[in-house]
Number of protein chains: 2
Amino acid sequence: MIKQYGCPVELAVDVIGGRWRVVILARLKEGAHRYGELRRLTPGISEKMLTQRLRELEADGLVTRKDHETVPPHVEYSLTEEGRSLAPVLQALYDWGVERAARTGARVGSGA
Amino acid sequence: MIKQYGCPVELAVDVIGGRWRVVILARLKEGAHRYGELRRLTPGISEKMLTQRLRELEADGLVTRKDHETVPPHVEYSLTEEGRSLAPVLQALYDWGVERAARTGARVGSGA
DNA sequence: CTGTATCCTTCAAGATACTG
DNA sequence: CAGTATCTTGAAGGATACAG
């Protein structure tokens, strides 16, 4: 089914919305990461969610999956050109999140 | 319950995430709007959702509600200073949405 | 015009266990 | 290491009717 959006913001939210997508994208913005690294870097996410989101992001053309075909397995995820085009959005979200945390006193991990 | 975030992006998504919040905020970014205007400007939203989201945004300090106390009722919603601080985020989402739509051929209303 | 109230469905997400 | 499979739950959202 082809979806009809009321405005561009709605489209953007549809692609990067949800609990985990932008968090994963924010991690990959720093550089390529292995599956296990992403899992460690994303506290609270389950393996199921991580795999599911990665598959969706792949399908949306924002992330690429590189399987090194080794034993034991070694798989790396990184942003595509399209994924990197999200940089301004991720940066804006990050900056606002920092300010908001300062104003509200919310607890936020280092992000490192 | 105090929530612990893994990174600032997660916090930002928690506040503006969901199907409708940013769409409503994007509308109010243009200026104050009445309840009925917002409903018309946000195709697909139900009255329940609109009211619910507005109440949440109010509680989060992003939106203010001005009741003119008239009969028939006249209520206006607008962004608070905190809400306006989201402008860069909304702009980034909008811009990316426009680009994405061009690349994927998605259908997007004027947004006007 | 600006909402509330109620009911119902769907879907994201969590928990847990298992596999190549 | 990098996943898949299954089950369950909780919240988000939709439909509809009603109210000040």
Side-chain angles (χ1 to χ4, degrees), chain A residues 1 3-7 9-25 27-28 32-60 62-78, chain B residues 1 3-7 9-11 13-25 27-28 32-60 63-78:
Chain A
M1 166 204 177
K3 190 158 180 182
Q4 167 77 284
Y5 296 98
C7 81
V9 171
E10 199 181 339
L11 165 64
V13 167
D14 198 47
V15 177
I16 65 162
R19 177 99 177 69
W20 297 114
R21 300 233 256 261
V22 285
V23 178
I24 295 171
L25 289 167
R27 289 313 185 185
L28 293 177
H33 281 303
R34 299 180 59 170
Y35 180 87
E37 288 174 340
L38 283 175
R39 191 177 39 189
R40 277 186 302 100
L41 290 169
T42 317
I45 198 170
S46 68
E47 295 178 348
K48 185 184 106 176
M49 280 300 106
L50 181 54
T51 301
Q52 220 169 79
R53 293 310 143 236
L54 284 170
R55 295 286 173 277
E56 290 172 1
L57 293 170
E58 232 190 307
D60 285 337
L62 302 176
V63 163
T64 44
R65 178 179 186 276
K66 169 69 179 170
D67 189 338
H68 292 232
E69 306 277 3
T70 58
V71 178
H74 180 157
V75 179
E76 268 193 356
Y77 293 91
S78 52
Chain B
M1 166 205 178
K3 191 157 177 181
Q4 166 78 283
Y5 296 99
C7 82
V9 171
E10 200 179 339
L11 164 64
V13 167
D14 199 44
V15 178
I16 66 163
R19 176 98 179 67
W20 297 114
R21 301 232 256 260
V22 286
V23 178
I24 296 172
L25 290 169
R27 290 311 184 185
L28 293 177
H33 280 304
R34 299 181 59 169
Y35 180 88
E37 289 174 339
L38 283 175
R39 190 177 40 189
R40 280 187 300 98
L41 291 168
T42 317
I45 198 171
S46 68
E47 294 179 350
K48 185 184 106 175
M49 281 300 107
L50 180 55
T51 301
Q52 217 168 82
R53 292 312 143 238
L54 284 171
R55 295 287 173 277
E56 290 172 1
L57 293 170
E58 234 190 306
D60 285 338
V63 163
T64 44
R65 178 180 187 274
K66 169 68 178 167
D67 190 337
H68 291 232
E69 307 276 3
T70 60
V71 178
H74 181 157
V75 180
E76 270 193 354
Y77 294 92
S78 52

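Sequence lines set the chain letters: A, B, ... in the order given, protein chains first and strands last, and positions in each chain run from 1.
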* Please list, chain by chain and in numerical order, all residues satisfying side-chain hydrogen bond (donor to acceptor under 3.5 Å, both in side chains) with Arg34(A), sequence neighbours excluded. => none
* Rounded distance (nearest 0.5 Å) linking atom CG of Leu57(A) with atom OG1 of Thr64(A) -> 11.0 Å
* To do: Identify, residue by residue, the members of residues 42-49 of chain B with a heavy atom below 4.0 Å from DNA chain C, and return them in order of residue number, or none.
  => Glu47(B), Lys48(B)
* To do: Anything under 30° is parallel, anything over 60° is perpendicular, the rest tilted; go ahead and classify Tyr77(B) against Tyr35(B).
  => tilted
* Side chain to side chain, Val23(A) and Leu41(A), heavy atoms closer than 4.5 Å -> no
* Give a yes or no answer on whether the side chain of Arg21(A) reaches the backbone of Arg53(A) with a donor-acceptor pair at less than 3.5 Å. => no
* With a 4.0 angstrom cut-off to heavy atoms of chain A, pull out the first and last contacting nucleotide of DNA chain D, in 5'-to-3' order. => dC1(D) to dC7(D)
* Base, sugar-phosphate, or nothing for Arg39(A), non-hydrogen atoms under 4.0 angstrom? -> nothing
* Asked: Looking at five pairs on each end of the helix from dC1(C)-dG20(D) to dG20(C)-dC1(D), what is the angle between the two axes, given to 10 degrees?
  -> 50°
* Is a side-chain donor or acceptor of Arg65(B) paired with a backbone partner of Glu58(B) at a separation under 3.5 angstrom? -> no
* Nearest-0.5 Å distance that lies between atom CH2 in Trp20(B) and atom OG1 in Thr42(B) -> 7.0 Å
* Looking only at non-hydrogen atoms, find the nearest pair between Leu38(B) and Arg27(B) and report the distance. => CD2-CB, 3.9 Å
* To do: For residues Val22(A) and Ile16(A), report the shortest heavy-atom separation together with the two atoms involved.
  => CG1-O, 3.4 Å
* Structure fact -> Tightest non-hydrogen contact, residues Ala32(B) and Glu76(B), listed as CB-OE1, 3.9 Å
* Within-4.5 Å side-chain heavy-atom neighbours: Met49(A) and Gln52(A) -> yes
* Identify the 5'-most and 3'-most nucleotides of DNA chain C with at least one atom closer than 4.0 Å to a non-hydrogen atom of chain B. => dC1(C) to dC7(C)
* CG on Leu50(B) to CZ on Arg55(B), rounded to 0.5 Å -> 9.0 Å
* Working to the nearest 0.5 Å, report the span between CD1 of Ile24(A) and NE2 of His33(A). => 11.5 Å
* Given DNA chain C, 5'-ward residue of the pair Glu76(B) and Glu56(A), judged by closest heavy atom -> Glu76(B)
* Hey, does Arg53(B) reach any base, or is it just sugar-phosphate, or nothing, if we go heavy atoms under 4.0 Å? -> sugar-phosphate
* Asked: Under a 4.0 Å heavy-atom cut-off, which of residues 64-73 of chain B touch DNA chain D?
  -> Pro73(B)
* Atom pair NE2/NZ of His74(A) and Lys66(A) - distance to nearest 0.5 Å -> 10.0 Å
